[in-house]
Amino acid sequence: MSSLPRVPLPWPDELTPAAARALQKQWRGRVQRHGRVDGIRWIAGVDVAFPAQGSRSRGAAVLFRYPDLVPVAGSLAELPTRFPYVPGLLSFRELPALLAALSGLPQVPDMILVDGQGIAHPRRLGVASHLGVLLDRPTIGVAKSVLCGRYAEPDRASGSQSPLVHDGEVIGTVLRTRQNVRPVIVSCGHRVGLTEAVALVQSCSRGYRLPEPTRLADKLAGANPGPWPLGEGVPIRCESTVDVAGAAQAPVPIR
DNA sequence: GCGACAG
DNA sequence: ATCTTGTCGC
């Protein structure tokens with residue numbers, strides 16, 4: 001029963017947008033855009049929600065057995081939001097909650113699907129790539145819309161693809177995961193090639209626009225007082241870490 | 001200078 | 001992301 005480490009955030013509590021962009025340029029060189037997807041047994045999907053009213057972030061992670069995609073566990077974590085939403089700097093806002101949620105899973109995922117861009121980012125360090133580098137684990141970015149780059153509209157049929165290009169470089173694939181629905185943007189997060197990433201996303205799709213990992217993580221993050229979103233029998237670990245400047249207090253359950 | 005802009 | 005009901009289409 002091993003779980004992912006709770007890595008400390010490698011950036012200051014106080015950070016200006018300009019400083020954050022400088023850090024991205026410094027870290028983007030660590031991203032590995034190649035890698036196979038063999039021998040995967042555990043896959044996780046992650047997402048973050050921002051409950052109305054409060055200024056808190058709720059990270060959600062769902063662990064699946066692969067390739068049958070049976071959800072085996074979920075994890076929720078809430079903590080204060082410390083960074084605003086700034087296009088291009090999403091990871092500084094969402095990573096704390098994502099890391100906290102991932103640390104609550106019972107197994108270390110062989111692959112993590114993130115709701116957001118991987119290298120399909122102005123400085124090639126979207127939230128999926130940033131997460132992968134921090135954990136040194138394979139990740140894939142699956143976004144619902146484009147941040148930067150241009151592309152030709154893929155065919156309306158399921159499975160149709162079209163390259164996403166930015167500054168003369170292919171940074172991702174616009175993939176139609178279902179007929180007549182808006183395509184998703186797939187890009188390398190870390191330690192995986194684009195072709196392999198697209199194949200993996202397709203193998204995780206089950207008739208919905210979003211692949212199961214991201215789809216259920218999104219559902220888990222957004223459904224608070226509601227029916228168990230993963231099905232009866234699937235354990236969900238909940239933890240609310242009320243901390244100010246890193247000093248964690250006593251964890252209290254969500255719900 | 002103007003428009004675009006993950007979640 | 002979040003606030004929000006019904007409704008049109010595959």
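Quick note on labels: first sequence line is chain A, next is B, and so on, each numbered from 1.
Electrostatic pairing of A:Glu153 and A:Arg176 counts as a salt bridge here, judged by a charged N lying under 4.0 Å from a carboxylate O.
The NE2-P distance, from A:His166 to B:dA4, rounds to 16 Å in whole Å.
Here A:Gln117 lies in heavy-atom contact (under 4.0 Å) with a base. A:Tyr85 comes within 4.0 angstrom of a nucleotide base, judged by non-hydrogen atoms across all strands. Base contact: A:Val127 has a heavy atom under 4.0 Å from a base atom. Counting any heavy atom pair closer than 4.0 Å across all strands shown, A:Leu89 reaches a base atom. Looking at heavy-atom distances under 4.0 Å, A:Gly141 makes no contact with the nucleic acid at all. Note on A:Ala120: nothing from the nucleic acid sits closer than 4.0 angstrom, heavy atoms only.
Counting only Watson-Crick and G-U wobble pairs whose two key distances fall under 3.5 Å, DNA chain B forms no stem of three or more pairs.
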Verdict with reasoning, A:Arg30 to A:Asp136, per salt bridge (Lys or Arg N to Asp or Glu O under 4.0 Å): CA-CA 10 Å; A:Arg30 301 180 189 176; A:Asp136 191 29; over 6 Å; no
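In the set C:dC10, C:dA1, B:dA6, the nucleotide with an atom closest to the side chain of A:Lys144 is C:dA1. Side-chain atoms of A:Ala52 lie closest to C:dC3 of the nucleotides C:dC3, B:dG7, B:dC5.
The environment of CZ in A:Arg178 is sparse: at most 12 heavy-atom neighbours from other residues, nucleotides or ligands sit within 6.0 Å.
For the atom pair CG of A:Asp47 and CG of A:Leu98, the computed distance is 7.5 Å after rounding to the nearest 0.5 Å.
A:Leu175 is not listed as a side-chain neighbour of A:Pro154, based on a closest heavy-atom distance of 4.5 Å or more.
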